[in-house]
Amino acid sequence: DAMVIQNPRYQVTQFGKPVTLSCSQTLNHNVMYWYQQKSSQAPKLLFHYYDKDFNNEADTPDNFQSRRPNTSFCFLDIRSPGLGDAAMYLCATRGDRGGGTGNEQFFGPGTRLTVL
Amino acid sequence: AQSVTQLGSHVSVSEGALVLLRCNYSSSVPPYLFWYVQYPNQGLQLLLKYTSAATLVKGINGFEAEFKKSETSFHLTKPSAHMSDAAEYFCAVSDQSFNKFYFGSGTKLNVKP
């Protein structure tokens, strides 16, 4: 089945130690998103790629970076994780086909990040 | 600017009872509205969406929602709750680009036997 895969599902890192979360998709979607979801809160958009074009949200901290080496993969790099960065990180994809079609996001299962 | 408000962070119903989860939106452009369900430690799954076609939208698992422009609402309903419906539900709004989605704070649904 076509899907969005996130690895690892659970990640533990130390305060200040860089960490990378990965997302891959077999849907061949051109748009990929990263969300941060803290406990009992709404998912918050960090950034998205439209094809190769990177779009950062204005309030996303500089500590968060992203890479998309090809259509299938997207990475979230947290350069110096703080305790406040502990959260679930959700990757989503969307296949934009123009004209208002392809308006549905498909989510991965998420990676839960713990910062010690 | 677009935003979504979900009234009631927790809703509890008995099995077999009506489920009503409330969502009100704010949008300066015609909105596109979505309901997602999230089970513990899982990603979000789309239940249904409104994209300017029929105002009454039917989704998966027996859920439906009605877009009411005059009330700026998109409430989610299900006639008869099932134990498996216990989860967290998020309402979201997007503009016509669909490049940004804004989520409400979520409503946790508890279903009592």
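Here is how names work: the chains are called A, B, and so on, in the same order as the sequence lines, proteins then strands, and each is numbered from 1.
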| note | If one checks every heavy atom of B/Tyr32 against chain A at 4.5 Å, the contacting part turns out to be neither
| Side chain, backbone, both or neither: which part of A/Phe106 has a non-hydrogen atom closer than 4.5 Å to chain B? | neither
| query | About how many Å separate CZ of B/Phe101 and OH of A/Tyr33, when rounded to the nearest 0.5 Å? | reply | 4.5 Å
| said: Need one label for B/Lys100: side chain, backbone, both or neither, based on atoms under 4.5 Å from any heavy atom in chain A. | reply: both
| field | A/Glu57, CD atom: more than 12 neighbouring heavy atoms under 6.0 Å | value | yes
| message | Can you tell me which portion of B/Tyr39 sits under 4.5 Å from chain A's heavy atoms? Options are side chain, backbone, both or neither. | response | neither
| message | Same cluster or not: A/Leu76 versus A/Val19, using hydrophobic residues (I, L, V, M, F, W, Y) connected whenever any side-chain heavy atoms lie under 4.5 Å apart? | response | yes
| request: Just do the side chain to side chain contact (heavy atoms under 4.5 Å, CB included) check on B/Leu44 and A/Gln105 with the steps written out, would you? | output: CA-CA 9 Å; B/Leu44 279 70; A/Gln105 290 183 100; over 6 Å; no
| query | Is there a path from A/Ile78 to A/Phe47 through hydrophobic residues (I, L, V, M, F, W, Y) whose side chains come within less than 4.5 Å of each other? | reply | yes
| Connected via hydrophobic side-chain network under 4.5 Å: B/Phe103 and B/Leu21 | no
| remark: Between A/Ala42 and B/Ser105 the two heavy atoms that sit nearest each other are CB-CA, 3.9 Å
| B/Phe74-B/Tyr89 co-clustered via ILVMFWY side chain contacts under 4.5 Å | yes
| What distance do A/Ser40 atom OG and B/Lys108 atom NZ have between them, rounded to the nearest 0.5 Å? | 3.5 Å
| said: Would a single hydrophobic cluster contain both B/Val13 and B/Trp35, if residues Ile, Leu, Val, Met, Phe, Trp and Tyr are joined by side-chain heavy-atom contacts under 4.5 Å? | reply: yes
| field | Value rounded to 0.5 Å, distance of CZ in A/Arg94 from OG in B/Ser94 | value | 7.0 Å
| message | I need the residue from B/Gln45, B/Gln6, B/Gln38 with the largest number of non-hydrogen atom pairs under 4.5 Å to chain A. | response | B/Gln38
| Exceeds 12 heavy-atom contacts within 6.0 angstrom, atom CG of A/Asp62 | no
